[in-house]
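Remarks on the structure that follows.
Order of the sequence lines sets the chain letters (A, B, ...), proteins ahead of strands, with each chain counted from 1. These numbers come from a predicted model, not from an experiment.
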There are 2 protein chains.
Amino acid sequence: MKEFLGKDMRLTNQRRIILEELQSVSTHPTADEVYGLVRQKMPRISLGTVYRNLEVLSSLGLVRKLENAAGQKRFDGDTSPHHHIRCEVCGKVGDIYDAPDISGIEKGLHSDFQVTGFILEFSGICPHCQARQQPEQ
Amino acid sequence: MKEFLGKDMRLTNQRRIILEELQSVSTHPTADEVYGLVRQKMPRISLGTVYRNLEVLSSLGLVRKLENAAGQKRFDGDTSPHHHIRCEVCGKVGDIYDAPDISGIEKGLHSDFQVTGFILEFSGICPHCQARQQPEQ
DNA sequence: TCAAAATTTGATAACCATTACTAATTGAGC
DNA sequence: GCTCAATTAGTAATGGTTATCAAATTTTGA
């Protein structure tokens, strides 16, 4: 990880463990869920440190920050190209790897904004919430 | 508007004016910006009333709610089908009417979620922020 | 190797958008 | 007009996130 950090940036244990923990799960944890994970290995870390480093890691491109829908921010240790689906009921996020490629869709649009990109996010109902909703009929 | 309200729902002046003000602007105001607009006609309205009614109007489909974990919610009085573009710098939102049609893209995806829809949101830099950034080179 | 300089941390307070609460008010049907 | 449930204004509470700052840690360089 050292090689990704900029000049004047240090590879602290906190920083390293936050990244490792985030890369070890396939959920898309919120900042306080990351805090919970990291505290198992480093019980005295503070929540502020987690927030600060998630921001640093995200600006370095080492993790993805998901902030394009309601609720808390979520973080993804998987930086490979893929999309996300968000549960309308509980907010949980899953991965979508086989969506049709729409890259370039942002080109040639009519807008006074300078268009730089787009985010495609799916919505649905997660397995857990499906199971909870079915019985009520 | 009366016809859209459900049984046991009242058409109050507050509710009517909030909708009228939101439909009269092409910006995508935050709740407190709507509050500012409505207070010009109804100075004693409370912020809580604005929040509550924006939620009601949105659940009735009379306005669109644009949610983003990174910033404040925004509201759109235009319910016709169109996409949005968000300024990466200041968070301001604009409309995109000529994006290629990707309806149906959510069908046939491989996921344990029950897929119900998608949101396509563009990102860019608004005219105001472009003007502010250019000079610094 | 040691001291000075710089970054980072932990702990806590502050911030701010949003929601909850409650007594008073008001719209809508009779 | 009267009644009553829905709604409001005003205010407090909530919760995620950010800011602050002294202490700790790491780096630098003499």
Side-chain angles (χ1 to χ4, degrees), chain A residues 1-19 21 28-36 38-60 62-63 65-75 90-93, chain B residues 1-19 21 28-60 62-63 65-75 86 90-93:
Chain A
M1 167 177 178
K2 187 85 180 293
E3 63 272 23
F4 296 109
L5 294 173
K7 168 170 142 42
D8 296 339
M9 297 187 79
R10 296 176 184 170
L11 177 52
T12 60
N13 285 330
Q14 288 86 340
R15 205 161 270 177
R16 182 176 46 76
I17 291 180
I18 287 170
L19 179 58
E21 289 303 305
H28 301 72
T30 59
D32 61 290
E33 286 168 349
V34 174
Y35 179 51
V38 173
R39 254 200 306 189
Q40 293 173 17
K41 300 203 170 167
M42 187 175 263
R44 301 193 56 80
I45 195 171
S46 86
L47 181 57
T49 299
V50 172
Y51 270 102
R52 198 178 332 106
N53 281 308
L54 285 173
E55 213 54 46
V56 169
L57 294 171
S58 141
S59 71
L60 291 171
L62 294 175
V63 310
K65 180 166 54 168
L66 315 183
E67 52 186 3
N68 45 294
Q72 301 165 252
K73 292 174 188 167
R74 289 177 176 272
F75 297 87
C90 70
K92 188 177 147 190
V93 169
Chain B
M1 167 175 179
K2 187 85 183 293
E3 63 272 23
F4 296 108
L5 295 173
K7 167 170 142 44
D8 295 339
M9 297 187 79
R10 295 179 185 170
L11 178 52
T12 60
N13 286 329
Q14 288 86 340
R15 202 160 272 178
R16 181 175 47 76
I17 291 180
I18 288 169
L19 179 59
E21 289 303 306
H28 301 73
T30 59
D32 61 292
E33 286 169 348
V34 174
Y35 179 51
L37 290 169
V38 173
R39 253 200 308 190
Q40 294 173 15
K41 301 205 169 164
M42 187 175 263
R44 300 193 58 78
I45 195 171
S46 87
L47 180 58
T49 299
V50 173
Y51 269 102
R52 197 179 335 103
N53 280 306
L54 285 173
E55 212 54 46
V56 168
L57 293 171
S58 142
S59 71
L60 290 171
L62 294 175
V63 310
K65 178 167 57 169
L66 314 182
E67 304 182 84
N68 187 303
Q72 300 166 251
K73 293 174 188 165
R74 289 177 175 272
F75 297 87
R86 194 177 297 260
C90 70
K92 188 177 147 188
V93 169

Separation of [X] atom [atom1] from [N] atom [atom2], in whole Å?
X      : N       : atom1 : atom2 : result
N53(B) : dT19(C) : CG    : C1'   : 14 Å
L54(B) : dT18(C) : CG    : C1'   : 12 Å
E55(B) : dA17(C) : CD    : C1'   : 13 Å
N13(B) : dT7(D)  : CG    : P     : 14 Å
Y51(B) : dA12(D) : OH    : P     : 18 Å
Q72(B) : dT18(D) : CD    : P     : 14 Å
L5(B)  : dA6(D)  : CG    : C1'   : 12 Å
L47(A) : dG16(D) : CG    : P     : 10 Å

(request) Specify the residue among L11(B) and K73(B) whose closest nucleotide of DNA chain C lies further upstream toward the 5′ end. (result)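 First, find each residue's nearest nucleotide; the 5'-ward one identifies K73(B).
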
(message) Please compare T12(B) and R74(B) by the position of their nearest nucleotide in DNA chain C and report the one closer to 5'.
(response)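 Nearest nucleotide further toward 5': that of R74(B).
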
(message) How long is the straight-line distance from CG of L11(A) back to CG of L19(A), given to the nearest 0.5 Å?
(response)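 Going from CG on L19(A) over to CG on L11(A), the span is 9.5 Å.
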
(message) To the closest 0.5 Å, what do you measure between CZ (F75(B)) and CD (E21(B))?
(response)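 Reported to 0.5 Å precision, the distance equals 15.5 Å.
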
(request) Name the nucleic acid region contacted by R52(B), choosing base, sugar-phosphate or nothing; use a 4.0 angstrom heavy-atom cut-off, strictly under. (result)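 Base: the residue R52(B), judged by heavy atoms under 4.0 Å, touches a nucleobase.
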
(message) Between E67(A) and R74(A), does any side-chain N to carboxylate O distance fall below 4.0 Å?
(response)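 R74(A) and E67(A): not salt-bridged.
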
What nucleotide, of [options], holds the atom closest to the side chain of [X]?
X      : options                  : result
I45(B) : dG16(D), dT18(C), dA9(D) : dA9(D)
R10(B) : dT18(C), dC4(D), dT17(D) : dC4(D)
Q14(A) : dT8(D), dT7(D), dG10(C)  : dG10(C)

(request) Respond yes when some side-chain nitrogen or oxygen of S46(B) is under 4.0 Å from OP1 or OP2 of dG10(D), and no when none is. (result)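 S46(B) to dG10(D) OP1/OP2: no side-chain N or O under 4.0 Å.
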
(message) Which residue is it: Q14(B), R16(B), M9(B)? I am looking for the one with a side chain to side chain contact (heavy atoms under 4.5 Å, CB included) to T12(B).
(response)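 When side chain to side chain contact (heavy atoms under 4.5 Å, CB included) is applied between T12(B) and each of Q14(B), R16(B), M9(B), only Q14(B) qualifies.
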
(message) Just so I know, are the side chains of R39(B) and I45(B) near enough to count as touching, which here means a heavy-atom distance under 4.5 Å?
(response)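 In short, these two side chains touch, coming nearer than 4.5 Å.
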
